[in-house]
Protein chains: 2
Amino acid sequence: MPNSTTDLRRLILDATRSLLARNGYTNLSMRKIARKIGYSATTIYLHFENKDALFHALIDEGMNRLYESLYEVHTQYAEAPVERLRALCRQYIQFGLDEPEYYEVMFMLHPEHMERYPAAKYRRARRNLDLFAQALEDGVTEGVMAVQNSRVAASSTWAALHGTVTLLIAQRVDARIDHEAFITAAIDQALYGLLPRVRADPAVPEV
Amino acid sequence: MPNSTTDLRRLILDATRSLLARNGYTNLSMRKIARKIGYSATTIYLHFENKDALFHALIDEGMNRLYESLYEVHTQYAEAPVERLRALCRQYIQFGLDEPEYYEVMFMLHPEHMERYPAAKYRRARRNLDLFAQALEDGVTEGVMAVQNSRVAASSTWAALHGTVTLLIAQRVDARIDHEAFITAAIDQALYGLLPRVRADPAVPEV
DNA sequence: TTTTTTAAGTTAACAGCGTTAACTATCGTG
DNA sequence: CACGATAGTTAACGCTGTTAACTTAAAAAA
């Protein structure tokens with residue numbers, strides 16, 4: 001199956017990822033990718049419709065790698081939903097910090113660049129959120145979490161993690177704050193917010 | 001004090017904000033700003049060192065407007081830390097959704113564009129976080145919140161809000177999820193995560 | 001009043017960007 | 001041996017942020 005055509009496609013994707021990690025999204029261009037692999041810029045257009053489509057392919061690969069690492073956590077903590085959720089949160093944040101520029105492309109691209117993101121790729125990306133929703137549902141079943149709607153709660157938990165990663169990536173967290181303490185606090189706060197409360201305070205209804 | 005020089009500076013800032021709101025950050029250029037106010041592009045460089053400096057001025061104005069709206073909440077709920085924090089969260093998210101492109105410039109600019117952000121402007125921006133930290137400290141004093149380090153907890157709360165705003169702005173929240181339900185869930189989860197727990201679970205230490 | 005200096009703004013240009021159209025060279029097949 | 005397809009190229013268009021050099025008008029100094 002793999003001929004020289006698919007090899008070049010692979011070469012383009014690898015070069016893009018490499019340049020992305022080294023020089024960042026801002027300093028990346030079709031011409032630079034081409035120069036790195038020894039082809040002219042227009043050759044890339046023989047394998048990807050445009051720059052957006054090239055990044056869509058890269059995003060999809062990233063989503064799949066993220067899923068692999070989250071799924072490993074999922075199976076490791078199959079019997080402990082709270083600890084599983086905590087580990088999923090850690091893994092998600094670690095993924096973002098390991099390759100910040102890649103994370104940025106995956107989750108911070110402008111909606112106008114995502115309008116034509118293929119439905120099949122979108123469904124694959126959503127599997128990541130499903131792992132979080134599954135942990136919440138298991139937690140509710142076991143009575144160790146209190147959540148009204150697991151899909152909504154999974155999204156709000158994701159929002160907390162996404163905010164944590166993006167603030168760190170954008171270097172917006174105060175220099176006096178230890179990053180590890182910040183991450184731990186963010187995860188704990190999100191987790192505590194999902195635990196059942198003993199005496200319900202009327203001012204604070206269930207999530 | 002205001003002469004024609006400072007007037008033109010004001011004109012540039014207003015035109016930039018207007019174009020930002022209408023066409024977004026991606027479709028904004030020095031030439032377009034200049035065209036809108038009837039000057040040549042290089043005239044802008046007589047009032048701002050470069051594009052970054054122009055946006056730094058815009059960010060600073062945004063941070064001050066945010067502070068005004070948060071400070072109003074601060075005084076309104078002076079005696080109820082939990083309700084005050086909830087209202088601060090609502091106000092912050094509303095601010096982001098009211099002018100998404102402006103929020104993006106304020107909080108999502110690449111660190112390389114913020115390297116030369118002036119210290120005085122940075123201090124003004126941090127006052128916004130101080131209002132959150134104050135609410136947490138008041139809550140701890142009154143025994144209605146449990147927080148180890150108010151600065152860290154204020155940052156992790158901010159992260160949850162920032163994630164909520166950015167996911168909505170980037171249109172990454174699943175179409176099947178109601179935005180209002182998502183926002184409420186995110187705020188509630190962050191808030192619950194700060195409340196004191198009756199029986200401490202050894203698996204979940206304090207934030 | 002005349003000259004000189006300063007201020008405000010302009011035009012032209014540079015290197016780089018994503019993308020398209022037109023062109024060339026190579027290769028497998030009829 | 002010719003032909004059509006395939007893979008890749010060059011040239012070009014209209015953008016971008018930014019700099020240098022230039023003009024024009026007003027203010028200050030002679």
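Letters A, B, ... mirror the listed sequences (proteins, then strands); counts begin at 1.
Going from atom CG of A:L46 over to atom P of C:dT20 covers 12 Å, rounded to whole Å. At whole-Å resolution of the value, CG in B:L8 and C1' in C:dT10 are 14 Å apart. Atom CZ of A:F48 and atom C1' of C:dG18 are 16 Å apart (whole Å). The CZ-P distance, from B:R9 to C:dG9, rounds to 14 Å in whole Å. Counting to the nearest Å, the P atom of C:dA8 and the CD1 atom of B:I44 are 16 Å from each other. Taking atom OH on A:Y39 and atom P on D:dT9, their separation rounds to 7 Å, with Å as the unit. Between the CG atom of A:L54 and the C1' atom of C:dC17 there is a distance of 15 Å, rounded to whole Å.
Geometric assessment of B:R86 against the ring of B:Y77 yields a negative cation-pi assignment under the 6.0 Å and 45° thresholds. With a 6.0 Å cutoff to the six-membered ring centre and a 45° limit on the axis angle, B:R151 does not count as a cation-pi contact of B:F132.
By the 6.0 Å contact criterion, OH on B:Y25 is enclosed, its count of non-hydrogen atoms from other residues, nucleotides or ligands being greater than 12. The 12-atom threshold is exceeded at OH of A:Y122, counting heavy atoms of other residues, nucleotides or ligands nearer than 6.0 Å. Heavy-atom contacts from other residues, nucleotides or ligands closer than 6.0 Å to CD of B:Q76 number more than 12.
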Atom pairs under 3.5 Å: protein N/O with N/O of nucleotides 16-20 of chain D:
residue: D:dT16; atom: OP1; partner: B:S29; partner atom: OG; Å: 2.7
residue: D:dG17; atom: OP1; partner: B:M30; partner atom: N; Å: 3.3
residue: D:dG17; atom: OP1; partner: B:K51; partner atom: NZ; Å: 3.0
residue: D:dG17; atom: OP2; partner: B:M30; partner atom: N; Å: 2.9
residue: D:dG17; atom: N7; partner: B:R31; partner atom: NH1; Å: 2.6
residue: D:dG17; atom: O6; partner: B:R31; partner atom: NH2; Å: 3.0
residue: D:dT18; atom: OP2; partner: B:Y45; partner atom: OH; Å: 2.8
residue: D:dT18; atom: OP2; partner: B:K51; partner atom: N; Å: 2.8
residue: D:dT18; atom: O5'; partner: B:Y45; partner atom: OH; Å: 3.4
residue: D:dT18; atom: O4; partner: B:R31; partner atom: NH2; Å: 3.4

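You'll find the side chain of A:Q171 stays beyond 4.5 Å of the side chain of B:M114, heavy atoms only.
The side chain of B:T43 places no N or O atom within less than 4.0 Å of a non-bridging phosphate oxygen (OP1 or OP2) of C:dA8. At the phosphate of D:dT9, OP1 or OP2 sits under 4.0 Å from a side-chain N or O atom of A:S40.
Ring pair A:Y103/A:H162: centre-to-centre distance below 6.0 Å.
With the end axes of the helix from C:dT1-D:dA30 to C:dG30-D:dC1 each set by five pairs, the angle from one to the other reads 30° at 10° resolution.
Under a 4.0 Å N-O distance rule, the pair A:E61/A:R10 qualifies as a salt bridge. A salt bridge links B:D60 with B:R124: the closest approach of a Lys/Arg side-chain nitrogen to an acidic carboxylate oxygen falls below 4.0 angstrom.
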